[in-house]
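Quick caveat, the model's predicted, so the values are computed rather than measured. Whatever order the structure lists them in is the order used to number ligands and atoms, beginning at 1.
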Amino acid sequence: MLRVLGQNFLKKSIATKFSSRMSHFIKTDMKLNIALCQLDVCDDKRTNIDNAVKNIREAANKGANLVMLPECFNSPYGTKHFPQYAEGLEDSETLSAISSVASEKNIYIVAGSIPTIENGKYYNTSCAYNTKGERIAVLRKVHLFDINVPGKIVFQESEILTAGDQFATFELEHDDKTIKVGMGICFDIRFAEMAQIYQKQNCSLLVYPGAFNMTTGPAHWELLARARAVDNQLFVALCSPARNTSSGYVAYGHSLIVDPWGSKVVEADENPTVVFGEADFSKVSELRDQIPSVKNKRSDLYTLINHNK
Ligand SMILES: NC(=O)CC(=O)C(=O)O
């Protein structure tokens, strides 16, 4: 009897410790200034890196705590460009510049994405940096963008890229408070399951560097950001390259942040710009109490299995 009581007590105290650690991510009044750098990306890599660093410095000087860059910010977006611009993760000219500016400015950076080469395979890769310039997460685009809309757009990332097979999250500390952030890249936002797994892992912000185009952008960009935010009752941030009508792939622009209610916190137009939005994370637990759609899931009737443990 005593042994049984002891085991139950131990189980209970482990569960309590675990759940109080997890819940501090969600129940927080952290306010975070997020800057989205909607960069004008050209075909010169060094110019793109310098432009990213300049924009990050300016965003930090204006008070940003987290700066996001777009998908493919050091290279034109296109399968024929990826091998030419790809860098190794450990000797990347681009990422070393991003790491330096993160520590110089004491900010977190979600470094959009760049083409990488690892063990002879090409990936579309997003890295996150903390305020010391340390790399704290790596996400290789999990769902490759393969599209064929006759007369509009044909694009096959899978011609050249390998899909990532790991999800990526990181903890962001600010004002002695912590939130957890889930990472995806562009097409990944179309997969509700990935976002829901991040929600189940207690993320309160999902970040998607992305480059929708003039066919998918007007139809789905904002819709998907708001859908993922409302489904999962958390913040969603999307950062696009600026629109350049003379480039081979014309990005939609319209970088935006959406709150857990599905309302836009801020939205850019299509031009090169940096937009700022405040994410007030007290809204996450507040809304989950008001509309308990995350809490009241019927796991007795359905469940989501994460094979990527
Ligand atoms: N770059 C992309 O992955 C574009 C995309 O997802 C889209 O739907 O457009």
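The structure places CZ of Arg135 at 13.5 Å from CZ of Phe170, a figure rounded to the nearest 0.5 Å. From Trp261, atom CH2 reaches atom CZ of Arg226 across 12.0 Å, with rounding to the nearest 0.5 Å. Residue Gln166 holds its CD atom at 4.5 Å from CG of Asn308, rounded to the nearest 0.5 Å. For the atom pair OG (Ser255) and CG (Leu69), the distance works out to 10.5 Å, reported to the nearest 0.5 Å.
Checked options Ile107, Asn65, Leu66; the residue passing with Asn33 is Asn65 (criterion: side chain to side chain contact (heavy atoms under 4.5 Å, CB included)).
Near Asn213, the atoms of ligand 1 lying under 4.0 angstrom from a non-hydrogen atom of the residue are 9 (O). Of all atoms in ligand 1, numbered sequentially from 1 with element shown, those under 4.0 Å from a heavy atom of Phe187 are 3 (O), 5 (C), 6 (O), 8 (O). Which parts of ligand 1 touch Cys186 is read off a 4.0 Å heavy-atom cut-off, strictly below it: atoms 1 (N), 2 (C), 3 (O), 4 (C), 5 (C), 6 (O). Proximity to Glu71 (heavy-atom distance under 4.0 Å) selects the following atoms of ligand 1: 1 (N), 2 (C).
Ligand 1 has an N or O atom lying under 3.5 Å from an N or O atom of Ala211, backbone or side chain. Between Phe212 and ligand 1, not a single N/O pair is under 3.5 Å apart.
Looking at Lys141 against ligand 1, only its side chain comes within 4.0 Å, counting heavy atoms. In Arg190, the part holding a heavy atom less than 4.0 Å from any atom of ligand 1 is the side chain.
Here the protein heavy atom with the shortest distance to atom 9 (O) of ligand 1 is Thr216 OG1, 2.5 Å. Closest protein heavy atom to atom 7 (C) of ligand 1: Phe145 CE1, 3.3 Å.
Ligand 1 has no atom lying under 4.0 Å from any heavy atom of His143.
Within the set Tyr249, Tyr208, Trp221, Tyr77, the minimum heavy-atom distance to atom 1 (N) of ligand 1 is found for Tyr77.
Salt bridge present: Asp50 and Arg46 bring a charged side-chain N and a carboxylate O closer than 4.0 Å.
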Next item on the list: Tell me, with the steps shown, if Ile136 and Tyr108 meet side-chain contact (heavy atoms from CB on, under 4.5 Å).
Entry: CA-CA 10 Å; Ile136 48 173; Tyr108 282 83; 3.9 Å; yes

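For the 3.5 Å distance criterion, the side chains of Glu87 and Thr94 qualify, holding a donor opposite an acceptor.
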